[in-house]
Amino acid sequence: MKILVLAGGLSPERNVSLSSGAMVCEALRKRGHQVAMMDLFYGLDGAVSGKGLYVAPIPDAFKKVAQTEPDLEQVRARRRDDSPSVIGPGVLEMCADAEVVFLALHGACGEDGRIQAVLDLLGVPYTGAGCLSSAIAMDKDLTKRLVAGKVKTPRWETVTVTEENLEELAERVELPAVIKPNASGSSVGVYIAKTRADLRGALESSARAGGSVVIEEYIQGREVSVAVLGGKALPSIEIVPKSGFYDYSNKYQPGATTETCPAHISSALEKAVGDAALAVFEAIGLSVYARADFMIAPDETPYFLEINTLPGMTPTSLVPQEAAAAGMDYGVLCETIIQKSLEARREGL
């Protein structure tokens, strides 16, 4: 099969995406497919020809996630043209020439439904959920509103932090609390505030970053994720960072976190988190695959946090580990995602 892997882009999760794309491309090539990897933002700008991408080696540097987030201004400055488009030259032509586009993108213009809408208009099949459900899932506030009656979720409010409301929020918000961007992933811009000083610093950072933030009740407990693939929940995985919380660095640096799959939880709790993940998946209208994140309170109540429609496929990512626990190796997982995605596109999902 002729497959184009789209990765990179212009998102704070760019480096994670490049790693996901590199691993997917390499795995699918080993399975005998004709596969090219392409940067959504750079496209063919300064690269080999489109045909050359199908035989171009994957840089080893892409296979590991850098410890720091990318400098997006530097990324933008390195592109030769001055187009305002986040889609680089030749990208759409390469998409149209492929039998399917494997979306290894994360964050803005990857996971938020916009590239899915573009590919829908082009009539090009792609992996993962459709444009509308992807857009909903990217919005943490909207997702929580839609599923609040179906699963338990921590109390929350969504605000845009400004100079005018910062003082009021810094005094009013109940501690401990989690402050995170409403539309981002990979724990970029996430803070856990346990003191008023922590809270003020998090709010000031959020104000500088701009955009709406979710201020959420902090649930003390065990962090567990559950992937849904083809309408079924995979074995859960428990995440225990060796220091701090499951932030950007702990997610992607090998050895920084202890991950146990299947999670050491009771069969009743395993069923509860699996059912909750499926309930969220169905409530939003998702298709193919996604990964839902939960905090398990001391009384074993699972609290839904968020759902990721294009979860990471890096060497330390959770979905490949869950698939492996279900007897599915990485290459078969990639092929299964493609197969389920082609079925979903045929059904208009």
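- Connection of Leu119 to Leu349 is not established within any shared hydrophobic cluster, with ILVMFWY side chains joined at heavy-atom distances below 4.5 Å, either directly or through further cluster members.
- For the pair Asp97/Lys2, a side-chain contact is recorded, criterion being any heavy-atom separation below 4.5 Å from C-beta on.
- Between the side chain of Asp275 and the backbone N or O of Ala272, no donor-acceptor pair lies under 3.5 Å.
- Annotation: side chain of Phe62 is not in contact with side chain of Asn15 (no heavy-atom distance under 4.5 Å).
- A salt bridge links Glu174 with Arg155: the closest approach of a Lys/Arg side-chain nitrogen to an acidic carboxylate oxygen falls below 4.0 angstrom.
- Checked by atom type and distance alone, the side chain of Asp198 pairs as donor or acceptor with a backbone atom of Lys194 at under 3.5 Å.
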Item to complete: Evaluate salt bridge (Lys or Arg N to Asp or Glu O under 4.0 Å) for Arg14 paired with Glu69, printing each intermediate quantity in order.
Response: CA-CA 8 Å; Arg14 171 182 172 81; Glu69 299 162 33; over 6 Å; no
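- Ion pairing between a basic and an acidic side chain is recognised when a charged N comes within 4.0 Å of a carboxylate O; Lys144 and Glu216 show such pairing.
- Between Glu111 and Pro311, the closest heavy-atom pair is OE2-N, 4.3 Å.
- Between the CG atom in Leu169 and the CG atom in Leu203 there is a gap of 5.5 Å [rounded to 0.5 Å].
- Rounding to the nearest 0.5 angstrom, the gap separating the CG atom in Asp45 from the CG atom in Asp39 is 10.0 Å.
- Here the shortest heavy-atom pairing between Val124 and Cys95 reads CG1-O, 3.5 Å.
- Of the possible polar contacts, one joining the Ser11 side chain to the Glu13 backbone as a donor-acceptor pair under 3.5 Å is found.
- A donor atom on one side chain and an acceptor atom on the other are not found under 3.5 Å apart for Ser17 and Ser20.
- Arg79 forms a cation-pi arrangement with Phe41, by the criterion of a distance under 6.0 Å to the ring centre and an angle within 45° of the ring axis.
- Using a 4.0 Å cut-off between charged side-chain N and carboxylate O, Lys63 and Asp60 make a salt bridge.
- Distance alone, capped at 3.5 Å, places no donor-acceptor pair between the Glu223 side chain and the Ile239 backbone.
- Looking only at side-chain heavy atoms (C-beta outward), Ile87 and Ile115 come within less than 4.5 Å of each other.
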Item to complete: Check the pair Gln339, Glu335 against side-chain hydrogen bond (donor to acceptor under 3.5 Å, both in side chains), reporting the backbone distance first and the verdict last.
Response: CA-CA 6 Å; Gln339 175 197 345; Glu335 287 187 323; over 6 Å; no
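- Here the straight-line distance linking atom CE of Met138 with atom CG of Asn308 works out to 9.0 Å at 0.5 Å rounding.
- Between atom CG of residue Leu72 and atom CD of residue Gln74 there is a gap of 10.0 Å, rounded to the nearest 0.5 Å.
- Looking at every heavy atom in both residues, Thr127 comes nearest to Ser341 through CA-OG, 3.1 Å.
- Counted within 6.0 Å of NZ on Lys30, heavy atoms from surrounding residues, nucleotides or ligands total 12 or fewer; the atom is thus considered open.
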Discussion item. Checking Glu270 against Ser236 for the side-chain hydrogen bond (donor to acceptor under 3.5 Å, both in side chains) test, could you report, in this order, the C-alpha distance in whole Å, the side-chain angles of both residues, the deciding distance, and whether it holds?
Written reply: CA-CA 7 Å; Glu270 179 75 24; Ser236 65; 2.6 Å; yes
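- Linking Ile, Leu, Val, Met, Phe, Trp and Tyr residues whenever their side-chain heavy atoms come within less than 4.5 Å places Leu269 and Val280 in a single cluster.
- Of all non-hydrogen atoms in Val214 and Asp141, the two that sit nearest each other are CG2-N, 4.4 Å.
- Once rounded to the nearest 0.5 Å, the distance linking NE2 of His106 with OG1 of Thr309 reads 10.0 Å.
- In this structure, Glu168 places its CD atom where more than 12 heavy-atom neighbours from other residues, nucleotides or ligands lie under 6.0 Å away.
- Cluster note: Ile219 groups with Met295, Tyr303, Leu305 through ILVMFWY side-chain heavy atoms spaced under 4.5 Å, whether in direct contact or through intervening members.
- Without hydrogens or angle criteria, Gln116 side chain to Gly110 main chain gives a donor-acceptor distance under 3.5 Å.
- Under 4.0 Å is where a charged nitrogen must lie from a carboxylate oxygen, and between Lys180 and Glu306 at least one such pair does.
- The number of heavy atoms from other shown groups lying within 6.0 Å of CG (Asp82) does not exceed 12.
- Hydrophobic cluster membership of Leu121, counting Ile, Leu, Val, Met, Phe, Trp and Tyr whose side-chain heavy atoms lie under 4.5 Å apart directly or via other members: none, as it forms a cluster of its own.
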